Amino acid sequence: MRISDQIAEQLHTLIQQRQLQPGQRLPAERQLAEDLGVSRTALREAIQKLSSRGMLESRIGAGTFVQAPAGQQNWHEQVISPLVPLMRDDPQYRYDVLETRQSLEVSTAWHAAQRATAQDKARIQRSFESLLHFQHLQDTEASAHADAQFHLAIAEASHNAVIVQVMRSLFELMLNTVAENRRLMFVHDNTKVLEQLTQQHYKLMQAILDGEPEQARSVISDHLNFVHDKLTQADADTARLQRLGRLSPSVATPS
């Protein structure tokens, strides 16, 4: 294997080890060269090779960014993208997303509690702190993003490459449903529901930090069931109001 090919493989391995995701920028060229123990000229050749494979993208004045392989992009477009308009046109699809999350996240939480590294745990803690920060600011959009990112950080800590890739691909869909779920759950008794969700997230994080897989599995299952129950209640309340609104004024309002 040529030296440039070897360095390209080293760089590829480094990207995987640091779990850099599509769209994220690589560290500065000088830092990368030091990390790999190669010259900056050799590093540039490696970047060009990975760029030709569709794994990296160099942007003038901005740096080099991780890019999803073409096959992965097509898979996302074919499988995930069609679900987004379904979610918009029929909110009931959020229950399908919840079922999918239940199947995936019970497993990822269990594995994360066993496999999370110090770096993983720090990332989960940062995500939780970010969630608290945006909730305090009452920034609903940023809170939803931080919420989804918290769950994604736990999935990444499971170190199951297949599940992590599926969760990353589902991120946009999950973000849309998390934002809508939080909006619906907070219509009534906002403070109480927010406190319960925050406590659930904290318990989940703590179970992973403490290395307690059974506790982590139990907490995430209870959390997703709680969200399901609250959404069902919100849907029932909405339907009840709609039925009331269809009554004629003489029936709806006692004389």
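Every value quoted in this text rests on a predicted model; they were computed, and no experiment measured them. Because only heavy atoms are used, hydrogens play no part in the values below, and waters and symmetry mates are left out as well, while side chains stay in.
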For Q125, enumerate each residue passing the side-chain hydrogen bond (donor to acceptor under 3.5 Å, both in side chains) test, keeping only those at least two apart in sequence or located in another chain.
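Q125 satisfies side-chain hydrogen bond (donor to acceptor under 3.5 Å, both in side chains) with no other residue.
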Using the test side-chain hydrogen bond (donor to acceptor under 3.5 Å, both in side chains), find all partners of T232 that sit at least two apart in sequence or belong to another chain.
none
Non-neighbouring partners of [X] that pass side chain to side chain contact (heavy atoms under 4.5 Å, CB included), sequence neighbours left out:
{"X": "F65", "result": "R25, R59, A62"}
{"X": "E45", "result": "S4, T41"}
{"X": "A122", "result": "R126"}
{"X": "A112", "result": "I154, A157, I208"}

Strictly by salt bridge (Lys or Arg N to Asp or Glu O under 4.0 Å), give each pair with a member in residues 198-216 just once, sequence neighbours left out.
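Pairs touching residues 198-216 that pass the test: E214-R217.
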Please go through F134's hydrophobic cluster and name the other residues, only I, L, V, M, F, W, Y counting, with side-chain heavy atoms under 4.5 Å joining them.
L137
Supply the members, apart from V164, of the Ile/Leu/Val/Met/Phe/Trp/Tyr cluster built from side-chain contacts under 4.5 Å; use none for a lone residue.
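None; V164 is a cluster of one.
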Set of salt bridge (charged side-chain N to carboxylate O under 4.0 Å, His left out) partners for D35, sequence neighbours left out:
R18
Residues which pass salt bridge (charged side-chain N to carboxylate O under 4.0 Å, His left out) with K121, listed by chain and number, not counting sequence neighbours
none
Following the transitive rule for hydrophobic clusters with a side-chain heavy-atom cut-off under 4.5 Å over Ile, Leu, Val, Met, Phe, Trp and Tyr, establish whether L131 and V193 coincide in one cluster.
no
Would you kindly confirm whether L152 and V166 end up in one hydrophobic cluster when ILVMFWY residues are joined by side chain heavy atoms under 4.5 Å apart?
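Yes; V166 is reachable from L152 via cluster members.
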Aromatic rings F128 and Y202: how do their planes relate, parallel, tilted or perpendicular, breaks at 30° and 60°?
tilted
Run the ring pair (Phe, Tyr, Trp, His ring centres under 6.0 Å) test against H111 and tell me which residues pass, sequence neighbours left out.
none
Residue pair Q135 / T198, side-chain donor-acceptor N/O under 3.5 Å:
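Judged by distance alone, the side chains do pair up.
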Measure the shortest side-chain to side-chain distance between D147 and L197 over non-hydrogen atoms and say whether it is less than 4.5 angstrom.
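Not in contact.
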